[in-house]
Amino acid sequence: MTDTSLEARVDPATHATTANPTTADATVSALIARSNALGSDPRITNYAGGNTSAKGTDTDPVTGEPVELLWVKGSGGDLGTLTPSGLAVLRVDRVRALRNVYPGVDREDEMVAAFDHTLFGKGGAAPSIDTAMHALVDAAHVDHLHPDAGIAIATAADGPALTERVFGDRVVWVPWRRPGFQLGLDIAAIKEQHPEAIGTILGGHGITAWGDTSDEAEANSRWIIDTAEAYIREHGKDRPFGAVRPGFAALPTHERRERAAALAPTIRGIAGHDRPVVGSFTDSDVVLDFLASERAEELAALGTSCPDHFLRTKVKPLVLDLPATASVEEQIARLRELHEAYRAEYQAYYDRHATPDSPAIRGADPLIVLVPGVGMFSYGKDAQTARVAGEFYVNAINVMRGAEALSSYAPIDEAEKFRIEYWALEEAKLQRMPAPKKLATRIALVTGAASGIGKAIATRLAAEGAAVVIADLDVLKAEAAAAEIGGPDVAIGVGANVTSASDIERAVQETLLHFGGLDLVVNNAGLSLSKSLLDTTEQDWDLQHDVMAKGSFLVSKAAAKVLIEQGLGGDIVYISSKNSVFAGPNNIAYSATKADQAHQVRLLAAELGEHGVRVNGINPDGVVRGSGIFASGWGANRAKTYGIDEQDLGKFYAQRTILKREVVPENVANAVAALCTDDFSHTTGLHVPVDAGVAAAFLR
């Protein structure tokens, strides 16, 4: 008999930790392995798309009797990265008993809440809307996936006939039905009525397959996908999107990326008109070939079909109808016209289908913007969501190609799309999401951020929800710092010498292409040479003024162009110094350039305020620990000036302050983060001392 004590079975629901392995553990392990294998292949399903399940027997820790359980991917999970904690665990007998109380299609949303009464133990993750499909189908293992080739057949105008022609009697067509309990009943009936079948094509949606073992279910899923791909390849038209339009072909790589960066601020302003968004840019061959074709606008206007697609991309994209040979100015003007038309059309779509019970409109701006010859801009609440939205639209292009190659693309109708997009269950899921962090959707560029104060600032901004670009003279250190902070969906590292206008332009361009825009700039790059007036050379003076005074000017100028064009406001923060207002010995070049930076704050605050851009400064002092400046010799020089050991410099600075506290990089980062939140929405032209209190540096 299996030991069912709490000590032996830490989590009987998910089997994340067990003292005595059981057949249930083996079932879960096989399910996770299958899910990860299927989910890691972009041909098979997209991020967070689809779900898998397994049924098996475990011992009920209350009765000691065996009980049949269903393990199924929970709501919002991703197959490629699924772990046991992401599984919902339910009693099969209780889920199937829900058939007796099912109130019908008009009230089937109520069944999601009913799943809570069928959970085993703590139940694991929250059950998804597709749970009924997995529980009701009489098969030990079930896969529901969204492969491009499968959806191509599912969205073809003659999908039922194609399904029979491609798969014979092994796969059965299921007419479009919104995911839910009734769809589960429909597929269960097909499985019972067609014992020869291994799966179904779900009209407008995807595929479902099953098997007696985990390996058999995976093999059946792959057979359906491979067979669909092979059929499209062997029988499909060569150019389903038509011929290439003159002037719409892809621009050369360098030229199109420059054009993308030039258009990015305008397009982000369009996508973020109603609510702030982060962006992503793609210029893959799939996108460029589609946009070059004569049927691109016609097909894009039909919108996407699979619910997983249009929930992330909106029902259709905004497509620029000018050739790549048009000027940037012409394209910007036309994009603004198209945006107004898009907003009006989306509002009309909402008004046509909304009922008194519908959720409020979630903004009328596009999430996908397509520019022929250049590429695709996609948007979302964060960098990952934006990137995934783009990936989903690439899937949609592949679906359209496959459907048009064999037949004609016929997605689900507009009313059904609205029912999915403004589904009460989808709205409830959105409402359950945690509140966004203070700097969510903000895109930050921090100079000199591979170490010291800059790295602390970048780390803190990312922790508050910002997407961060770490610019540094040492690109390898910048990339390492970005990886440490969170990787490409959170931070990237770029090389930039702030004394070079071209380097700064490239850094801003990389910011625009990776995250779609720019909101927050921190002028942090700096260095210092502690010398008396007579010892300071002309080269010492020029170097420090080039890096800090000129460098800040170049960064602010390049950033301001983007901020103004976006029309979304923004923040520019200067890391100045206590020395900008305090006269100390042996510090002529450094202090003078810090005073220059301090006055740039005031000048730019006055100039950029009309565009909603706030410009503020931070005046740190005595930041010894972790400081690149102090480590480069400044600390030794200052210690010599004050007649103390270098290792005691931080303590020395602390003792001369009012608060008797040492200042560290994180203190500066805290001030930057605070200044850039809505808490300081009405503050510009301010210098914030972060010096633990130096009376001689009080601002007057």
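Atom CD of residue E345 and atom CG of residue L338 lie 9.0 Å apart, to the nearest 0.5 angstrom. To the nearest 0.5 Å, the span separating CZ on F120 from CG on L69 amounts to 5.0 Å. From L406, atom CG reaches atom CG of D158 across 8.0 Å, with rounding to the nearest 0.5 Å. Note that CG of L185 is 11.5 Å distant from CE of M133, once rounded to the nearest 0.5 Å. Rounding to the nearest 0.5 angstrom, the gap separating the CG atom in N46 from the CZ atom in F392 is 3.5 Å. The CE atom of M376 lies 10.0 Å from the CG atom of D283; values are rounded to the nearest 0.5 Å.
Within a 6.0 Å radius of CG in D238, other residues, nucleotides and ligands contribute 12 heavy atoms or fewer. The environment of CZ in R94 is sparse: at most 12 heavy-atom neighbours from other residues, nucleotides or ligands sit within 6.0 Å. A 6.0 Å sphere centred on CD of E164 holds no more than 12 heavy atoms belonging to other residues, nucleotides or ligands. More than 12 heavy-atom neighbours from other residues, nucleotides or ligands sit within 6.0 angstrom of CD on E196. In this structure, D351 places its CG atom where more than 12 heavy-atom neighbours from other residues, nucleotides or ligands lie under 6.0 Å away.
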Can Y47 and R312 be said to form a side chain to side chain contact (heavy atoms under 4.5 Å, CB included), step by step? CA-CA 11 Å; Y47 178 83; R312 292 168 170 83; 5.5 Å; no
Between L291 and V374, is the side chain to side chain contact (heavy atoms under 4.5 Å, CB included) condition met? List the steps. CA-CA 9 Å; L291 293 177; V374 177; over 6 Å; no
Kindly determine whether M400 and T155 satisfy side chain to side chain contact (heavy atoms under 4.5 Å, CB included), including the steps that lead there. CA-CA 8 Å; M400 287 186 272; T155 56; over 6 Å; no
Stepwise ring-ring contact (aromatic ring centres under 6.0 Å, His included) check, Y422 with Y350: CA-CA 9 Å; Y422 286 93; Y350 179 86; 5.1 Å; yes
Could you walk me through whether R96 and T118 satisfy the side chain to side chain contact (heavy atoms under 4.5 Å, CB included) test, starting with their C-alpha distance in whole Å, then the side-chain angles of each, then the deciding distance to 0.1 Å, before giving a yes or no? CA-CA 9 Å; R96 290 179 173 171; T118 71; over 6 Å; no
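Here the side chains of K381 and V277 are not in contact, with every heavy-atom distance at 4.5 Å or above. Residues L98 and L136 are not in side-chain contact: their nearest non-hydrogen atoms beyond the backbone lie 4.5 Å or more apart. Side chains of Y393 and L367 form no contact here, defined as non-hydrogen atoms less than 4.5 Å apart. Between V67 and R91, some side-chain heavy-atom pair lies under the 4.5 Å cut-off. You'll find the side chain of L288 reaches within 4.5 Å of the side chain of R256, heavy atoms only. Two residues are said to be in side-chain contact when any heavy atoms from C-beta on lie closer than 4.5 Å; R352 and F418 fail this criterion. Here the side chains of K314 and I368 are not in contact, with every heavy-atom distance at 4.5 Å or above. Two residues are said to be in side-chain contact when any heavy atoms from C-beta on lie closer than 4.5 Å; Y409 and S305 meet this criterion.
Here the shortest heavy-atom pairing between A24 and D58 reads CB-CG, 3.7 Å. Here the shortest heavy-atom pairing between P179 and I129 reads O-CG1, 3.6 Å. Nearest heavy atom pair, residue P84 against residue I32, reads N-CD1, 3.7 Å. Contact record, L90 with P127: CD2-CG, 4.3 Å, taken as the closest heavy-atom pair.
Remark: of the listed residues V171, I232, I153, V166, V166 is the sole one forming a side chain to side chain contact (heavy atoms under 4.5 Å, CB included) with T227.
One side chain, S85 or T83, offers a donor N or O that lies under 3.5 Å from an acceptor on the other. For the residue pair H141 and E216, no side-chain donor N or O sits within less than 3.5 Å of a side-chain acceptor on the partner.
Residues satisfying the ring pair (Phe, Tyr, Trp, His ring centres under 6.0 Å) criterion with H134, sequence neighbours excluded, are absent altogether. R170 is linked by a salt bridge (Lys or Arg N to Asp or Glu O under 4.0 Å) to nothing, counting only residues two or more places apart in sequence or in another chain. Shown here are the ring pair (Phe, Tyr, Trp, His ring centres under 6.0 Å) partners of F241, two or more places apart in sequence or in another chain: F290. In this structure E297 satisfies the salt bridge (Lys or Arg N to Asp or Glu O under 4.0 Å) test together with R245, sequence neighbours excluded.
The list of salt bridge (charged side-chain N to carboxylate O under 4.0 Å, His left out) pairs with a residue in residues 386-407, not counting sequence neighbours, reads R295-E404, R387-E391, R387-D489.
Between E416 and R419, at least one side-chain nitrogen of the basic residue sits less than 4.0 Å from a carboxylate oxygen of the acidic one, meeting the salt-bridge criterion. Using a 4.0 Å cut-off between charged nitrogen and carboxylate oxygen, D226 and R43 count as a salt-bridge pair. Using a 4.0 Å cut-off between charged side-chain N and carboxylate O, R343 and D365 make a salt bridge.
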Let me check something: any side-chain donor-acceptor pairs from residues 109-117 under 3.5 Å, sequence neighbours excluded? List them with distances.
residue: D109; atom: OD1; partner: R178; partner atom: NH2; Å: 3.3
residue: D109; atom: OD1; partner: W423; partner atom: NE1; Å: 3.1
residue: D109; atom: OD2; partner: W423; partner atom: NE1; Å: 3.0
residue: E110; atom: OE1; partner: R107; partner atom: NH2; Å: 3.0
residue: E110; atom: OE2; partner: R107; partner atom: NE; Å: 2.8

